[in-house]
Number of protein chains: 4
Amino acid sequence: MDEIAKRAGLSKGALYHYFDSKEALFEALIERSAGEIAAQGEAMVAAAGGADPAATLRQLLNFMCHALTDPKLFAAPRLILAEGLRYPRLAKFYRAHVIDVGMRALKQLLASGVEKGVFRRVEPRIGIRVFIGPVMASAFLLHIFEDPDAPPPGELADGIADILLNGLSVPQAEDAA
Amino acid sequence: MDEIAKRAGLSKGALYHYFDSKEALFEALIERSAGEIAAQGEAMVAAAGGADPAATLRQLLNFMCHALTDPKLFAAPRLILAEGLRYPRLAKFYRAHVIDVGMRALKQLLASGVEKGVFRRVEPRIGIRVFIGPVMASAFLLHIFEDPDAPPPGELADGIADILLNGLSVPQAEDAA
Amino acid sequence: MDEIAKRAGLSKGALYHYFDSKEALFEALIERSAGEIAAQGEAMVAAAGGADPAATLRQLLNFMCHALTDPKLFAAPRLILAEGLRYPRLAKFYRAHVIDVGMRALKQLLASGVEKGVFRRVEPRIGIRVFIGPVMASAFLLHIFEDPDAPPPGELADGIADILLNGLSVPQAEDAA
Amino acid sequence: MDEIAKRAGLSKGALYHYFDSKEALFEALIERSAGEIAAQGEAMVAAAGGADPAATLRQLLNFMCHALTDPKLFAAPRLILAEGLRYPRLAKFYRAHVIDVGMRALKQLLASGVEKGVFRRVEPRIGIRVFIGPVMASAFLLHIFEDPDAPPPGELADGIADILLNGLSVPQAEDAA
DNA sequence: CATGAATGAGCTTTCATTCAT
DNA sequence: CATGAATGAAAGCTCATTCAT
């Protein structure tokens with residue numbers, strides 16, 4: 001809190017004027033950064049209205065990859081990881097304000113793709129994990145392990161989308177000799 | 001350290017006999033759990049010898065999904081995430097002993113798949129992220145966010161492998177002109 | 001001060017307009033509650049004018065027992081006891097405005113009883129302590145220790161008066177020799 | 001705690017080695033001082049065995065007056081007053097370990113006096129308050145209000161006992177003209 | 001080898017008081 | 001007159017580390 005106060009140009013006491021506790025401050029931070037991102041992602045899916053699910057998926061991936069490249073926007077997930085054991089309520093808050101929102105949107109996107117006949121009918125819980133996981137992994141490698149080899153966000157999003165949509169496997173010729 | 005000593009059934013003094021510092025203790029923990037897992041994954045790829053890359057990928061996913069379902073084996077990654085900021089050396093240690101090992105093996109697996117003509121030639125850094133990300137995301141949802149909806153590890157591995165290999169998209173009919 | 005301001009329905013700033021400091025506020029509180037009680041007790045003794053000291057003593061006990069049953073009137077003594085160490089000036093203030101007043105009145109009452117020949121000539125400092133002590137003890141048991149067995153004030157005053165005036169001992173038969 | 005540690009010649013950390021919290025430290029203090037006094041008083045009553053209730057009452061008063069003259073032994077009651085609002089459990093602890101013990105002993109003493117025919121049958125709750133109150137009042141005047149006029153403990157105990165046993169009133173001649 | 005008492009810097013939080021508006 | 005944001009010292013407590021035994 002000393003450090004936070006100093007960076008905010010306030011005294012520690014003033015911080016407690018605005019937030020009841022460190023936990024409350026963290027919750028506000030989560031809501032204003034990760035919560036915002038999740039809401040924007042949800043809005044993106046809603047705006048697309050199921051018109052072109054593959055394009056929406058690409059757009060969403062692009063958005064997420066760019067967002068999580070920003071250290072400021074990675075602050076919220078990092079917070080959960082660093083302080084989640086000390087403040088267990090924080091993980092619950094994050095789940096309610098970020099994860100549930102994102103999951104709902106992704107489930108919606110996958111379902112509309114299936115409905116349109118462009119996505120295969122995969123188990124939604126797994127589809128969600130396969131969508132969000134690569135973005136997470138990239139963010140961790142970038143911010144926590146300082147991978148010098150990190151691909152730029154646009155390229156990353158395109159590459160993830162390519163594999164997600166088309167698979168790693170080489171398509172088999174189906175009517176060969 | 002008090003808590004660790006108590007659970008280990010010895011005194012704090014004894015703990016400092018075995019480990020020079022908390023950081024050293026953490027490094028040992030990482031080496032013995034996550035390092036072990038990474039080494040086993042690497043051995044799995046080496047043992048397969050590039051014979052059936054898709055099968056090896058499925059096997060590796062299955063191994064990882066089962067491993068990270070165990071709270072004890074999730075302890076090391078969680079440690080890095082929670083303490084990585086407090087002990088920056090720890091993140092570097094983890095990268096050297098776990099991430100680099102795993103990445104090398106995965107890059108090898110992808111390359112052998114390409115060589116065999118069964119995998120498309122994707123950017124390896126991205127292929128790696130798409131492989132490991134979904135497993136990570138599943139572990140986080142399970143252990144950090146206590147998702148009650150977590151799929152069982154076997155089913156999870158199969159589902160991830162299916163999407164990874166075959167993609168989300170419905171294959172196009174190829175019988176055109 | 002925050003709490004006091006809130007309960008008083010004004011801002012902290014306003015509080016400091018009316019009172020220079022917390023100590024000053026406390027002094028005002030003491031003067032307006034305990035000081036008032038002490039003054040009323042003194043007036044009671046003065047009004048009686050030494051006419052019927054035993055009756056005055058009963059009346060005074062009754063007044064005190066009823067007063068100290070009211071949590072609002074117990075607030076001032078409690079304040080002294082709780083904050084007397086933190087604000088030593090406060091104890092002196094209470095002594096001057098409450099204790100000295102009460103003691104003077106009691107000393108007066110006892111003296112007039114002796115003069116009238118209805119009270120034995122006891123050491124006044126001790127007489128005072130024996131008078132006020134039981135009332136204090138009752139208030140403490142009621143407000144601090146939340147004794148569920150507390151006697152109602154009227155009954156309490158009568159009981160104390162009975163013992164004070166007549167003693168615990170069974171009167172000896174005087175018909176000897 | 002800083003102050004306590006300094007006076008004990010320890011660091012703050014060491015204090016928390018011995019006591020889980022400030023409240024626990026206070027409970028230990030209460031048990032070792034006031035609890036001890038209460039237990040000794042109880043033992044005194046038990047030892048007397050109801051043989052000479054008036055003498056026991058005098059002895060007990062003498063013991064209490066001497067005990068509460070010692071600032072160290074007054075520390076526990078003072079603690080309750082100063083910290084009771086901050087740590088409400090403390091008052092409950094004091095009640096259980098000190099007040100209930102003392103009350104039980106006093107009730108016993110009064111009952112045995114009644115049984116012997118030397119004490120009048122007074123309401124025990126009131127008898128207790130009249131016994132303990134004057135001692136309390138004396139201790140407060142001495143330690144909190146620093147009364148320069150405080151009677152020495154022996155004289156005080158004798159004076160209280162005299163009033164308690166014989167009453168303030170001048171005995172009436174019962175067979176006069 | 002092992003103990004556990006002890007340290008001291010650091011943490012989150014509180015609170016009487018001040019002051020620009 | 002009144003507000004409430006801001007301060008800063010101090011409170012209770014934690015914890016990695018050390019050291020006499």
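- Between the CD atom of A:E3 and the C1' atom of E:dT12 there is a distance of 15 Å, given to the nearest Å.
- Considering only heavy atoms from C-beta on, A:F74 stays 4.5 Å or farther from A:L142 through its side chain.
- Atom CG of D:L15 and atom C1' of E:dT7 are 13 Å apart (whole Å).
- We find that D:R7 and D:E3 are joined by a salt bridge, their nearest charged nitrogen and carboxylate oxygen being less than 4.0 Å apart.
- Take the nearest nucleotide of DNA chain E for D:K12 and for A:Y16: the residue whose nucleotide is more 5' is D:K12.
- Between B:E23 and D:Y87, it is D:Y87 whose nearest contact on DNA chain F lies nearer the 5' terminus.
- In this structure, CG of A:D2 is placed 12 Å from P of F:dA9, rounded to the nearest angstrom.
- Across all strands shown, F:dT7 pairs with E:dA16; the Watson-Crick or G-U wobble distances both stay below 3.5 Å.
- For E:dC1, there is no paired nucleotide, since no Watson-Crick or G-U wobble pair has both relevant distances below 3.5 Å.
- Taking only side-chain atoms of C:A14, from C-beta outward, the nucleotide of E:dT12, F:dA2, F:dA16 with the closest atom is F:dA2.
- Of all nucleotides listed (E:dA5, F:dT3, F:dG8), F:dT3 comes nearest to the side chain of C:L10.
- Summarising the geometry, the separation between CD on A:E83 and P on E:dC11 is reported as 11 Å, rounded to the nearest angstrom.
- Residue A:M1 contributes atom CE, which lies 14 Å from atom P of F:dT7 at whole-angstrom precision.
- Computed from coordinates, the A:R86 CZ to F:dC13 C1' distance equals 13 Å when rounded to whole Å.
- Atom C1' of nucleotide F:dC13 and atom CD1 of D:I4 are separated by 13 Å, given to the nearest angstrom.
- For B:G13 and D:G9, each mapped to the nucleotide of DNA chain E holding its nearest heavy atom, the one lying further toward the 5' end belongs to B:G13.
- Nearest-nucleotide positions on DNA chain F place D:F26 closer to the 5' end than the other of D:F26 and B:S21.
- To the nearest 0.5 angstrom, A:D149 atom CG is 8.0 Å from B:M103 atom CE.
- For B:D20 and F:dT17, the CG to C1' distance is 12 Å, given to the nearest whole Å.
- Taking only side-chain nitrogens and oxygens, D:H17 comes nearer than 4.0 Å to OP1 or OP2 of E:dA5.
- Ring planes of B:F26 and B:Y87: perpendicular class, angle over 60° (limits at 30 and 60°).
- Here B:E27 pairs with B:R89 in a salt bridge; the nearest charged N to carboxylate O distance falls below 4.0 Å.
- At a threshold of 4.0 angstrom between heavy atoms, the contacts of B:F19 with the nucleic acid are absent.
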